> 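Input: one structure, supplied below.
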2 protein chains.
Amino acid sequence: MKIKKEVTIYDLAKELNYSPSTISRALNNHKSISKKTIKLIKEAAVEMGYRPNNLAAGLRNNRSNTIGILISHISRPFQASLISGIEETARKAGYNVLISQSNDKYENEISNTNALYDSRITGLIVSLSMETVDMGHFQKFIDKGIPIVFVDRVPDNFNSYKVVIDNYTAGYSATKHLIEQGCTRIAHFAGAQHRNIYEERKKGYLDALREYGLPIEEDLIIHFKTLSFEEGNKATKKLLKMPNPPDGIFSSNDTAAVSAIMCAKKMGVSVPQDLAVIGFNDDPIASIVQPSLSTVSHPANKMGTISARRILDHSVQNYDNDLSEITVLGTEIIVRESSLKKTPVLEPKQSR
Amino acid sequence: MKIKKEVTIYDLAKELNYSPSTISRALNNHKSISKKTIKLIKEAAVEMGYRPNNLAAGLRNNRSNTIGILISHISRPFQASLISGIEETARKAGYNVLISQSNDKYENEISNTNALYDSRITGLIVSLSMETVDMGHFQKFIDKGIPIVFVDRVPDNFNSYKVVIDNYTAGYSATKHLIEQGCTRIAHFAGAQHRNIYEERKKGYLDALREYGLPIEEDLIIHFKTLSFEEGNKATKKLLKMPNPPDGIFSSNDTAAVSAIMCAKKMGVSVPQDLAVIGFNDDPIASIVQPSLSTVSHPANKMGTISARRILDHSVQNYDNDLSEITVLGTEIIVRESSLKKTPVLEPKQSR
DNA sequence: ATAGGTATCGAAATCGATTGCATAAATTTA
DNA sequence: TAAATTTATGCAATCGATTTCGATACCTAT
């Protein structure tokens, strides 16, 4: 199979008897080229099958019209939605999107930041790995004026754009909701406490208990490593076997919350009557499990959109110093069956 | 904030009194550079904070060590896993990954292929949009010798690498499973028939019925547009209201299958006794819904890995003509509760 | 000592697009 | 009509890495 040669602006120039400069300017709608010429050149470009070479343009301009993403797991629903939001926004603006996943490993995060840097991305959007503590690998972007947007899992010791939800309030509201449903011994599935999101959710939980005069029992606060289904299962089993088991669980994610529901059912503990459960994220499984899971909804796609916008706006306005705009988005408590002890479920109790 | 200047191989050259050629070769472990020199140069590179410029290298080599992905929706579990597999494989080989989603629009697919082409990707991995019929927008890759791997949703009129599962056999086996469970009137949730995957699943379904001497009833075959939850709900309602309703459903995806289960429960039809259900994909919701959903599992991550490998291998071996290796992967029927009419469920029937 | 080999390294062209500066032509102004 | 603008376009350098030819120095064998 023969490989066709590339059509470049030089080919266009030769063909149309213009200089490459004019071709380039015409294709970019430069104002110093007459409309007639622009039209002529653009039509010829299409006809000859010309396609711009981003590598060449990027080299020359020292930017690649590409947004880099660094997240931990693409197939987590939240992160997939995040990426989706970024991609849509970026593409509309003519930007490409490079992705990389750390699998929650610090080491991967470092090599991925390097790989993205080497591609001279316009900006970077990051949700930190579970392990990351040191932030040194991000400095090179700052030094070169490449904007970084931290999203969801953000550092607290690094000055940059941030897009987050109000995890404290969400944790507070979720816990308060359980309290209002009559729970008095509420357990908490906590995530790694060096990650802001889990730390703040826990703080919200604690403050809600305090506010309502409920005792804080360390035994009811389980610290998870990954908030996986298996971990949730084990924790729930342990909790329900306690002499004085909890009557509510606020889980820092839906996966563990769902495992709690399923575990409780298996152990003959009825949800929500004996155990009310509320999760976090509003993953698809939340509305499928029975009883359906109350949870905190996370505007993932929107967070992606906003993060991408930050990068795009930055590169236009070229801020020089105020590299620290923080966007805090609200969350919503989605009340489903798993936490609804007081008001009867709307539909009649058939088939359950 | 000041922007630091880029460290280039020229800076290294000046600093170390070598020519840029030598620096370049040393960094690439070229054999004509002594090990001592290589070590010296590499150490200096690290110390001076040198980072290669992929744009420059890519321009010179006319390749960017980047794999482009074109799928329809990032947040579909299957596609997210696919991307994940591609990303992992690519990154291990030192490649970056550009993503784009068509949202199942032909128009987006075209503009995205252009955007990816303009970035001079090394290869392209595609799962076709629902609308795509004409394949003209892929020709430019072939012309330039850029390999394309079609995965899952593949064309049948275009010569290129393909990575698929055996949809026909999967459809056949799923249907056969329902028949073996005693179903005699099996409905089928079919997807758009111009997409290979849905067409073949349906063919397998039809052949299974024929083989077991069951009549084919057009009324039991519902053609979906998107196989969404809502569509599934509506279809199930319609089916169950028939004078002679089906006793089994083979759905082309899990979303619609789950909606069928939930709809049946709401209508007082017990699953699997009165209605056995089997889905396709093994999405997370499949194991969460109650009764849990039997389904066909799809090696999504592996398909991603293989697709990426195809690109990588191609660019090494530089095949010239045999651009049509097809990989067919097997699937697995996952039997859960929703289809198990004969054998009793293993766990005792508590709490259900 | 000389031819041939090998190990190391350099000069300079190249990839394709962009852009500051210069120029030529067309138009307006004085 | 000459001068001053404005409009439209070209020249040539530039971005950073790679690679084709060679060139040089050092060895080895005859």
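All values below were derived from every heavy atom in this structure, side-chain atoms included, with hydrogens, water molecules and symmetry-related copies excluded. First the proteins, then the strands, lettered A, B, ... as listed; each starts at 1. The structure displayed is predicted, hence computed values, not measured ones.
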> Under 3.5 Å, is there a donor-acceptor pair between the A:K42 and A:N29 side chains?
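Judged by distance alone, the side chains do pair up.
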> I want to verify a distance call: between D:dT18, D:dC11, D:dC15, whose nearest atom is closest to the A:S19 side chain?
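The closest nucleotide is D:dC11.
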> Should the heavy atoms of other residues, nucleotides or ligands under 6.0 Å from NZ of B:K140 be counted, would the total exceed 12?
yes
> What's the closest nucleotide to the side chain of A:I9 if the choices are D:dG10, C:dT18, C:dA13?
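Among D:dG10, C:dT18, C:dA13, the one nearest the side chain of A:I9 is C:dT18.
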> Between B:S100 (side chain only) and B:I69 (backbone N and O only), is there a donor and an acceptor less than 3.5 Å apart?
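At least one qualifying donor-acceptor pair exists.
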> Could you list all N or O pairs between the protein and nucleotides 21-25 of chain D that sit under 3.5 Å apart?
none

> Contact list please: residues 30-52 of chain A against DNA chain D, heavy atoms, distance less than 4.0 Å, in numerical order.
A:S32, A:I33, A:S34, A:T37
> Report, one line per pair, each donor and acceptor closer than 3.5 Å where one atom sits in a side chain of residues 146-158 of chain B; sequence neighbours left out.
from	atom 1	to	atom 2	distance (Å)
B:D152	OD1	B:H298	NE2	3.4
B:R153	NH1	B:D104	OD1	2.8
B:R153	NH1	B:L128	O	2.9

> For B:Q101, does its backbone N or O pair with a side-chain atom of A:E87 as donor and acceptor, under 3.5 Å?
yes
> B:E131 vs B:K105, test: salt bridge (Lys or Arg N to Asp or Glu O under 4.0 Å). Steps then yes/no.
CA-CA 6 Å; B:E131 296 179 355; B:K105 297 273 172 52; 5.7 Å; no
> For a quick test of reading the model: is some side-chain N or O of B:N28 closer than 4.0 Å to OP1 or OP2 of D:dT18?
yes
> Checking only heavy atoms, does the side chain of A:S21 share a donor-acceptor pair with the base of D:dC11 at less than 3.5 Å?
yes
> Nearest heavy atom decides the nucleotide; on that basis, is B:T22 or B:N62 closer to the 5' end of DNA chain C?
B:T22
